[in-house]
Amino acid sequence: MNKALPLLVTLCAALLLSACGAATTGGDPVAAPAPGDYVAVARGQVGVEGGLLQVRAAVPGLVKAVSVATNAKVAAGQTLVRLDDDAAHIAVQLAGADLAQARAQQAELIAGQPAAELRAQRLAAAAAADAASGQELAEARAALGELKARVQAAAAAVQAAQARLDAARYQLALYTVHAPVAGYVARRMVQVGARVSPDDAEPLLELLPERPLIVRAELNEAYADKVRPGMRAEVVLDAGGGRSYAAHVLRLGLTYGAVQLGPQHNQPDDARDLECVLQLDAPGLRVGQRVRVQFLPETVRTGAE
């Protein structure tokens with residue numbers, strides 16, 4: 001009995017340590033191979049496909065209203081910012097008036113065309129019966145031809161006026177800034193009363209698109225041939241106590257580029273790394289977080305599978 005008691009205590013302690021180790025993993029549970037079992041290790045940063053969207057004004061103007069706040073969820077096409085558009089509204093009204101006048105002139109000319117055609121026909125019949133002179137017939141036909149030319153010119157004037165109205169309406173629409181995609185307002189930098197321009201260094205807003213999060217990892221040249229699309233990986237958040245999240249490789253870059261996150265241990269300052277993009281299989285991370293990516297061999301699978 002005295003010999004069995006120490007063995008039982010040792011077994012219980014081992015089970016408790018194993019449970020504590022499993023509780024440190026965040027997101028989807030990931031198998032924890034020994035450090036030497038990883039195919040490759042790289043540093044990366046959490047992002048979103050295409051990056052954050054900088055929303056800018058398309059025309060210069062004075063901010064009249066801002067419809068959203070930071071962290072607000074927005075739908076594609078939703079109004080975000082309105083600029084003072086009084087002058088643009090006046091331009092639309094003037095263009096509309098020009099179009100109405102052009103249509104009225106066109107209608108007046110078209111209305112007179114049947115009478116001119118009828119007169120020319122009657123004079124042609126009268127001239128054939130020697131009841132009208134050829135001079136009168138020639139003048140009637142010339143008047144009809146001139147009228148038809150004026151009708152065509154009026155039609156062209158209507159088209160031009162319509163184009164000016166369309167352009168004025170398009171210009172008016174530019175004074176309202178809409179969300180290009182669905183997402184969240186990551187930052188709002190504009191206030192009512194501010195004067196803005198498309199050339200401003202700072203955008204009106206930054207949007208986080210509603211898309212799956214990715215990790216852009218910098219893969220050392222020595223590991224490039226060991227990683228392929230579809231390979232499983234665990235993304236470790238060092239600042240979060242070593243919590244890890246399941247991910248898989250989406251694609252590898254076609255060219256090597258300069259290191260963006262700083263050289264790794266024993267890596268020269270002029271090192272060239274290959275970009276590796278991974279998609280996270282579950283939420284839990286935020287854009288901009290620095291992570292460590294540990295690529296798993298083909299025989300290792302996440303616990304979610």
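Keep in mind that the numbers below use all heavy atoms, side chains included, and drop hydrogens, waters and symmetry copies.
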Which atom pair, heavy atoms only, marks the closest approach of [X] to [Y]?
X    : Y    : answer
V192 : K64  : CG1-O, 3.7 Å
V66  : Q191 : CG2-C, 4.4 Å
V55  : P203 : O-CB, 3.4 Å
Y175 : P60  : CE2-O, 4.0 Å
A127 : L137 : CB-CD2, 4.1 Å
G193 : L62  : O-CD1, 3.1 Å

Hydrophobic clusters here meaning ILVMFWY residues chained together by side-chain heavy-atom distances under 4.5 Å, can you tell me if [X] and [Y] are in one?
X    : Y    : result
V181 : L204 : yes
L219 : I214 : no
V287 : V293 : yes
V235 : L274 : yes
V63  : V59  : yes

Practice prompt. Apply the side chain to side chain contact (heavy atoms under 4.5 Å, CB included) test between V291 and each candidate in L278, V236, L237, L280; give the one that qualifies.
Written response: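 One option only clears the test, and that one is L237.
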Salt bridge check: are [X] and [Y] linked by an N-O gap of less than 4.0 Å?
X    : Y    : answer
E234 : R292 : no
E218 : R290 : no
R232 : D281 : yes

Give a yes or no on whether the backbone of [Y] and the side-chain of [X] come within a donor-acceptor separation of less than 3.5 Å.
X    : Y    : value
R188 : T70  : no
R164 : D166 : no
Q78  : A75  : yes
D84  : D86  : yes
Q289 : R286 : yes

Inspect the surroundings of [atom1] in [X] and state if more than 12 heavy atoms from other residues, nucleotides or ligands are less than 6.0 Å away.
X    : atom1 : answer
E139 : CD    : yes
Y256 : OH    : yes
R211 : CZ    : yes

For the residue pair [X] and [Y], establish whether any side-chain heavy-atom pair is separated by less than 4.5 Å.
X    : Y    : answer
P283 : L213 : no
V74  : L80  : yes
C276 : V249 : yes
Y184 : E210 : yes
E221 : D273 : no
D200 : P198 : no
L207 : L52  : no
L252 : E275 : no

Discussion item. Evaluate T176 against H178 for side-chain contact (heavy atoms from CB on, under 4.5 Å), listing each step before the verdict.
Written reply: CA-CA 6 Å; T176 302; H178 301 278; 3.5 Å; yes
About how many Å separate [atom2] of [Y] and [atom1] of [X], when rounded to the nearest 0.5 Å?
X    : Y    : atom1 : atom2 : answer
H89  : Q171 : NE2   : CD    : 12.5 Å
L250 : Q279 : CG    : CD    : 5.0 Å
L118 : L144 : CG    : CG    : 10.5 Å
L205 : L53  : CG    : CG    : 11.0 Å
R56  : M189 : CZ    : CE    : 8.0 Å
Q93  : L165 : CD    : CG    : 11.0 Å

Worksheet item: Any side-chain donor paired with an acceptor under 3.5 Å for Q121 and E117?
Response: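 E117 and Q121 do not have a side-chain donor-acceptor pair below 3.5 Å.
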Worksheet item: Between Q101 and R103, do the side chains contain an N or O donor and an N or O acceptor separated by less than 3.5 Å?
Response: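 No, no side-chain donor-acceptor contact under 3.5 Å.
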